[in-house]
Undergrad: 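Dumping the structure here so I can ask a few things about it.
Heads up: numbering here begins at 1 and tracks the sequence.
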Amino acid sequence: MSANRRRLDRQDDGRRAALIAAAGQVIARDGIVAATTRRIADEAQLPLGTVHYWFSSKEELLEEVLTSALRELQLPGGNDTPSAPIKSLLDGFRETWPAVESDDRGRQIGIYELTTMAMRNPNMNDLPIRQYRRYRESAALVAKQILPDHSSRLPGGEAALAQLLSVVFDGTVLAWLADPEGTRPDAIFVLLDYLLKNTSTGEHVEVSDISSDDPNSGDID
């Protein structure tokens with residue numbers, strides 16, 4: 001039996017979850033470089049040996065942090081059990097984006113830090129693969145809702161549309177985190193919604209208004 005398996009078989013008394021939460025807090029506040037096992041143990045107010053009791057390595061602990069964060073993430077309208085179908089990509093985006101804006105900025109940056117770290121670590125590089133597969137699966141739910149009758153008109157169909165939605169949303173979040181004043185999320189999705197509607201129906205559809213709440217809805221610099 002592997003060390004990882006033995007640790008998973010142990011009865012969690014709350015300390016394992018506390019360490020995962022503490023690691024996430026350290027990364028969100030101070031960055032991934034600061035997330036040493038000692039700092040994480042101190043954040044959780046637990047002895048350093050507790051980290052090694054529950055995790056075979058720091059990489060295993062950080063993998064759990066990212067996995068935990070991904071459980072909370074979704075794309076516009078991409079709930080596994082949506083309460084009501086979204087009428088358009090733009091509706092789904094405007095429903096979801098406030099959650100991005102209200103989320104802790106450091107936590108979101110930390111997710112990108114963890115992803116790039118995993119990509120560079122041969123023992124963890126399956127994690128970003130699963131991460132972006134989850135993004136595509138969530139986006140596929142959106143694709144089925146917004147273009148149920150016309151997706152065959154798009155090159156690649158729903159699968160390609162899911163790829164497009166996931167990378168645009170992910171890229172928009174990253175751009176907004178890097179340059180919140182210069183990035184106009186609402187304008188990006190107004191344009192994408194307009195392009196998809198015109199492409200999929202073959203008819204001209206008037207562009208939706210950019211939200212008046214968007215402070216960056218003016219001309220591009």
Undergrad: Identify the two heavy atoms, one from Leu48 and one from Ala41, that lie closest to each other, and give their separation to 0.1 Å.
TA: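 Leu48 and Ala41 have their closest heavy atoms at CA-CB, 3.8 Å.
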
Undergrad: Side chain of Ser102, backbone of Ala99: donor and acceptor closer than 3.5 Å?
TA: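 Confirmed, Ser102 side chain pairs with Ala99 backbone.
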
Undergrad: Would Trp97 and Thr172 count as a side chain to side chain contact (heavy atoms under 4.5 Å, CB included) if you check the C-alpha gap in whole Å, the side-chain angles of each, and the deciding distance to 0.1 Å?
TA: CA-CA 10 Å; Trp97 189 257; Thr172 301; 4.0 Å; yes

Undergrad: If you take all heavy atoms of Asp193 and Leu89, which pair is closest and at what distance?
TA: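 Taking Asp193 first and Leu89 second, the nearest heavy atoms are OD1-N, 3.4 Å.
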
Undergrad: How far does CG of Leu164 sit from CZ of Phe169, to the nearest 0.5 angstrom?
TA: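 Separation between the atoms: 13.5 Å.
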
Undergrad: When you look at CD of Glu101, are more than 12 heavy atoms from neighbouring residues, nucleotides or ligands closer to it than 6.0 Å?
TA: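 Above 12, so yes.
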
Undergrad: To the nearest 0.5 Å, how far apart are CD1 in Ile20 and CZ in Arg16?
TA: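 Output value for this atom pair is 4.5 Å.
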
Undergrad: Please give me the minimum heavy-atom distance between Trp54 and Glu60, naming the atom from each residue.
TA: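 Taking every non-hydrogen atom into account, O-OE2, 4.4 Å.
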
Undergrad: For the residue pair Phe93 and Phe189, categorise the inter-ring angle as parallel (less than 30°), tilted (30 to 60°) or perpendicular (more than 60°).
TA: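 Parallel: the ring planes of Phe93 and Phe189 meet at under 30°.
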
Undergrad: With the side chain counted from C-beta on, respond yes when Ile27 and Leu62 share a heavy-atom pair under 4.5 Å apart, and no when they do not.
TA: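 SC-SC contact between Ile27 and Leu62 confirmed.
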
Undergrad: Do side-chain atoms of Gln108 reach the backbone of Val100 as a donor and acceptor pair under 3.5 angstrom?
TA: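 Flag set: sc Gln108 to bb Val100 pair under 3.5 Å.
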
Undergrad: Let me confirm one number: the CD1-CG distance from Ile111 to Leu174, rounded to the nearest 0.5 Å.
TA: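 Rounded to the nearest 0.5 Å, the CD1-CG separation comes out at 11.5 Å.
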
Undergrad: Is there side-chain contact between Asp179 and Glu181, with at least one heavy-atom pair below 4.5 Å?
TA: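 Yes, close enough: below the 4.5 Å cut-off.
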
Undergrad: Do the side chains of Leu196 and Leu161 get nearer than 4.5 Å, heavy atoms only?
TA: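 Yes - at least one pair of side-chain heavy atoms lies under 4.5 Å apart.
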
Undergrad: Are Val26 and Leu46 connected, step by step, through hydrophobic side chains (Ile, Leu, Val, Met, Phe, Trp, Tyr) whose heavy atoms are closer than 4.5 Å?
TA: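 No, no single cluster joins them.
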
Undergrad: Just how far is it from atom CD1 of Ile40 to atom CG of Leu61, taken to the nearest 0.5 Å?
TA: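 Nearest 0.5 Å value for the CD1-CG distance: 4.5 Å.
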
Undergrad: Please find the pair of heavy atoms, one from Ala23 and one from Val65, that lie closest to each other, and give the distance.
TA: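 Smallest interatomic distance, heavy atoms only, reads CB-CG2, 3.5 Å.
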
Undergrad: Looking only at heavy atoms, what is the nearest atom pair of Met119 and Asn125, with distance?
TA: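 Closest pair (atom of Met119, atom of Asn125, distance): O-CB, 4.3 Å.
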
Undergrad: Between Ala143 and Leu165, what is the shortest heavy-atom contact and its length?
TA: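 For Ala143 and Leu165, the tightest heavy-atom pair comes out as N-CD1, 4.2 Å.
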
Undergrad: With no hydrogens and no angle check, is any side-chain donor or acceptor of Ser68 less than 3.5 Å from a backbone partner on Glu64?
TA: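 The answer is no, because no donor-acceptor pair under 3.5 Å joins these two groups.
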
Undergrad: Linking I/L/V/M/F/W/Y whenever their side-chain heavy atoms sit closer than 4.5 Å, directly or via other members, would Ile129 and Val167 fall into one cluster?
TA: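 Ile129 and Val167: separate clusters.
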
Undergrad: For residues 26-37, which residue pairs pass the salt bridge (charged side-chain N to carboxylate O under 4.0 Å, His left out) check, not counting sequence neighbours?
TA: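 Found Arg29-Glu43, Asp30-Arg39.
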
Undergrad: Does a side-chain heavy-atom distance below 4.5 Å link Val173 with Tyr112?
TA: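 A side-chain contact under 4.5 Å exists here.
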
Undergrad: Could you check whether any side-chain N or O of Ser138 sits under 3.5 Å from a backbone N or O of Tyr135, counting only pairs where one atom can act as donor and the other as acceptor?
TA: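 Not a single qualifying donor-acceptor pair exists.
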
Undergrad: What is the distance from atom CG of Leu66 to atom CD of Gln131, rounded to the nearest 0.5 Å?
TA: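 Atom-to-atom, Leu66:CG and Gln131:CD are 5.0 Å apart.
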
Undergrad: So, taking the atom named CE in Met117 and the one named CD in Glu63, what distance separates them when rounded to the nearest 0.5 Å?
TA: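 Result: 8.5 Å between the selected atoms.
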
